[in-house]
Every structure is written in structure tokens, then in C-alpha cells.
Amino acid sequence: MPVTELGCVVIKPGTNPMDEATHEGQVLASAWKAVAEAPTGPYRVYYGGEVEDPTKIWGFFDFESVEDHDNFAKTFGGEAVKELPNILASSEFGSKHVNFNPSPPTALKAPVTEILLAYFDPNLSQPAKDTATSKLTQFFKNALNKCPDCQGVNFGWGIENDFPVRGGAVEGQKGSILVALIGWPSVEAHMKFRDTEVFKENVHLLRGWEGNLAMTMFHVKTKVLENTVRKE
């Protein structure tokens with residue numbers, strides 16, 4: 001089953017890895033280029049910083065399966081990213097996976113991608129997951145489908161149930177995750193949509209989910225690299 005690996009790293013203070021004119025930018029770009037040229041690498045790489053907090057950089061990597069990702073990690077992965085620790089301060093989390101629907105996550109190709117992370121009890125039942133998914137897709141149908149600025153939607157549950165909870169009630173809290181990616185032409189277009197009546201009439205669908213520990217939303221501007229050797 002197609003999966004997308006995702007991770008979030010924190011850069012060293014005073015650096016700008018998203019600017020390829022800088023040393024750290026060259027290191028980051030070189031690492032992802034090596035990943036995207038590996039014969040066992042992901043089909044594509046998406047990476048970019050958070051608009052609200054540029055010290056945090058996200059990476060998304062499309063693989064055929066978790067086993068496919070594991071094979072890459074054992075063959076080329078370590079060598080491809082060996083220089084990254086030199087420009088990073090820490091990692092929020094890494095090497096987690098999401099089954100996006102639809103796949104691949106094309107919303108990441110938009111000029112700006114809204115990322116919604118909803119964290120849940122790690123032991124959340126399947127019926128509760130199904131209910132949350134149903135409410136999320138109903139929001140997409142009722143609200144986003146009526147927004148001409150929306151440039152694509154992908155969503156899915158994490159395969160693992162130990163994602164670090166951003167904004168959790170307890171430090172070190174971990175849980176299951178439901179991720180939604182929504183493409184926009186700009187952050188301003190998304191904020192304008194949030195002021196519309198159709199959004200206000202349907203936002204309740206994103207609240208009151210059973211087992212929900214926390215929810216956060218932010219934006220990223222990603223660069224996309226297609227694998228030059230390996231094709232789907």
C-alpha cells in the first residue's frame with residue numbers, strides 16, 4: 001500500500017536551509033537531491049519550512065510501502081542524508097508514515113499547503129477513527145468543495161500510534177494522528193476562506209471528536225523533487 005513518510009526537524013538558530021545560496025541551504029538541497037536520485041529512494045520528495053515558524057522544516061517522501069522505505073533506509077538512506085545533522089538542532093519526530101487518500105499527496109504541490117494535525121488517544125478504536133474520518137470528509141464536501149481557491153485535499157491516518165503530540169497537555173505525550181493537507185494559492189486565500197459563512201457553518205464538524213488530544217494547524221511552502229531514476 002502506498003505510504004508517505006513524514007518528519008519535522010528544527011534548524012540551528014541563525015540559519016536558513018531553505019535558501020540554497022547559503023551553506024546550510026546547499027547541504028539540505030544536496031541531501032534531498034541525493035534521496036531523489038537513489039534507485040531505491042522515494043518516488044518524490046516534498047520539503048519546506050513552516051510559514052508561522054521557519055525554524056521547523058517538514059519533509060514528505062512517497063514510498064510504495066513501509067517495507068519499501070525500510071529497504072531504502074538500509075541501502076542508500078544513511079549515506080544520502082549523512083550531512084544533515086550538521087545543520088539541524090533537533091528533530092520533532094522522524095520516520096513516521098501516513099496512508100494518504102488520495103495518494104500521492106498532491107496538495108503539497110500547491111503554492112501553500114495548510115497542514116491540519118489532529119492527535120488522538122493511541123488506543124483509539126476503529127469505529128471512533130471512522131467517525132472522525134467521516135466528519136472530516138463531510139467538512140471537505142460541505143465547505144472546501146464550494147471554495148474555488150482550494151487546490152486539492154489529501155488526508156489519512158498515521159500508521160504508527162506514537163506521534164509526539166504538538167501542544168499536548170502533558171510533555172512527551174504521544175498518540176495516533178489524522179493528517180489533512182489542503183492546497184491554497186496563498187496563506188491569505190486560506191484566511192479569507194475562514195471568514196466565509198460556509199466555513200463558519202461547518203467548522204463544528206472538526207470539533208468534539210472522541211479521543212481527540214489536541215489539534216494544530218499551520219502552513220508550509222514546499223519544494224518538490226521527482227525521483228529521476230525510479231518511477232511509479
Side-chain angles (χ1 to χ4, degrees), residues 4-11 15-22 24-25 28-29 31-33 35-36 42-62 88 92-94 96-119 136-137 139-158 163 166-167 177-200 202-203 205-206 214-226:
T4 300
E5 178 199 5
L6 70 165
C8 177
V9 295
V10 181
I11 64 175
T15 63
N16 183 12
M18 292 307 298
D19 181 357
E20 293 185 24
T22 66
E24 59 271 14
L28 185 66
W32 295 152
K33 183 174 182 288
V35 168
Y43 294 120
R44 63 197 58 81
V45 175
Y46 321 78
Y47 68 100
E50 292 185 19
V51 174
E52 292 81 0
D53 183 358
T55 66
K56 295 178 180 176
I57 294 181
W58 285 78
F60 300 82
F61 311 87
D62 292 335
L88 303 178
E92 184 169 323
F93 71 90
K96 302 295 186 187
H97 306 86
V98 171
N99 289 129
F100 280 114
N101 177 29
S103 181
T106 53
L108 288 168
K109 294 185 177 182
V112 172
T113 306
E114 172 194 357
I115 298 184
L116 177 69
L117 305 177
Y119 301 93
L136 181 65
T137 54
F139 174 80
F140 295 156
K141 179 181 178 180
N142 292 359
L144 286 176
N145 281 359
K146 299 176 182 178
C147 178
D149 282 333
C150 179
Q151 297 186 1
V153 174
N154 306 88
F155 67 94
W157 286 90
F163 282 78
R166 183 184 289 195
I177 197 170
L178 175 59
V179 181
L181 308 174
I182 304 168
W184 297 98
S186 65
V187 174
E188 291 73 22
H190 176 211
M191 293 299 101
K192 181 179 178 182
F193 168 68
R194 289 172 64 90
D195 283 334
T196 63
E197 288 303 314
V198 70
F199 173 84
K200 295 175 182 178
N202 290 282
V203 69
L205 292 167
L206 305 180
M215 185 180 294
T216 187
M217 182 277 293
F218 51 89
H219 304 87
V220 297
K221 296 181 179 181
T222 58
K223 298 180 180 181
V224 184
L225 298 175
E226 296 284 342

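Atoms NZ and CZ, on Lys109 and Arg44 in that order, are 5.5 Å from each other to the nearest 0.5 Å. Note that OG1 of Thr55 and CG of Leu88 are 11.5 Å apart. Values are rounded to the nearest 0.5 Å. We find the CZ-NE2 distance between Phe199 and His190 to be 6.0 Å, quoted to the nearest 0.5 Å. Between the CG atom in Leu28 and the CG atom in Asp19 there is a gap of 11.0 Å [rounded to 0.5 Å]. The distance from the OH atom of Tyr43 to the OG1 atom of Thr4 is 11.5 Å, given to the nearest 0.5 Å. Of the inter-residue distances, the one linking Lys96 atom NZ with Leu6 atom CG reads 9.5 Å to the nearest 0.5 angstrom.
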Side chain to side chain contact (heavy atoms under 4.5 Å, CB included) for Leu108 and Val224? Distances and angles first, verdict last. CA-CA 8 Å; Leu108 288 168; Val224 184; 5.7 Å; no

In sequence, state the C-alpha distance, the side-chain angles, and the governing distance for Val51 and Phe218, and then conclude on side chain to side chain contact (heavy atoms under 4.5 Å, CB included). CA-CA 7 Å; Val51 174; Phe218 51 89; over 6 Å; no

Ile11 and Ile57: CA distance, side-chain angles, deciding distance, side chain to side chain contact (heavy atoms under 4.5 Å, CB included) verdict: CA-CA 7 Å; Ile11 64 175; Ile57 294 181; 3.6 Å; yes

Stepwise side chain to side chain contact (heavy atoms under 4.5 Å, CB included) check, Asn142 with Val198: CA-CA 8 Å; Asn142 292 359; Val198 70; 5.8 Å; no

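Closest heavy-atom contact between Gly167 and Ala214: O-CB, 3.9 Å. Closest non-hydrogen pair, Phe139 versus Asn202, comes out as CD1-O, 3.4 Å. Nearest heavy-atom pair, Thr113 versus Ala107, reported as atom, atom and distance to 0.1 Å: OG1-O, 2.8 Å. Residue Lys33 comes nearest to Leu225 through the heavy atom pair N-CD1, 3.9 Å, listed as atom of the first residue, atom of the second, then distance. Pro102 and Val153 make their closest contact through CD-O, 3.6 Å (heavy atoms, listed as atom of the first residue, atom of the second, distance). Considering all non-hydrogen atoms of both residues, Ile177 and Trp157 come closest at O-CE3, 3.2 Å.
Val98 pairs in a side-chain contact (heavy atoms from CB on, under 4.5 Å) with only one of the listed residues (Leu178, Val179, Leu181), which is Val179.
Ring geometry, Trp32 versus Tyr47: the interplanar angle falls from 30° to 60°, so the pair is classed tilted. Aromatic ring pairs are classed by plane angle as parallel below 30°, tilted from 30° to 60° and perpendicular above 60°; the pair Phe140 and Phe155 is tilted. Between Phe100 and Phe60, the ring planes are tilted. Angles from 30° to 60° get that label.
Looking at Thr216, its side chain never comes within 3.5 Å of a backbone N or O of Leu117 through a donor-acceptor pair. Of the possible donor and acceptor atoms, one in the side chain of Thr22 sits under 3.5 Å from a partner among the backbone N and O of Asn16. Listed for the Asn154 side chain is no donor-acceptor partner under 3.5 Å among the backbone atoms of Asn101. Proximity of a side-chain donor or acceptor of Glu52 to a complementary backbone N or O of His219 within less than 3.5 Å is detected.
Ring centroid separation for the pair Phe163 and Tyr119 does not come in under the 6.0 Å cut-off.
Annotation: side chain of Ile182 is in contact with side chain of Cys150 (closest heavy-atom distance under 4.5 Å). Annotation: side chain of Asp62 is in contact with side chain of Pro105 (closest heavy-atom distance under 4.5 Å). Using a 4.5 Å cut-off on side-chain heavy atoms (C-beta onward), Pro54 and Met18 make no contact.
The number of heavy-atom neighbours closer than 6.0 Å to NZ of Lys221, taken from other residues, nucleotides and ligands shown, is 12 or below. By the 6.0 Å contact criterion, NZ on Lys141 is open, its count of non-hydrogen atoms from other residues, nucleotides or ligands being 12 or less.
Salt-bridge check for Arg194 with Glu114: failed, with every basic side-chain N at 4.0 Å or more from each acidic carboxylate O. The existence of a salt bridge linking Arg166 and Glu50 is confirmed by a sub-4.0 Å separation between a basic side-chain nitrogen and an acidic carboxylate oxygen.
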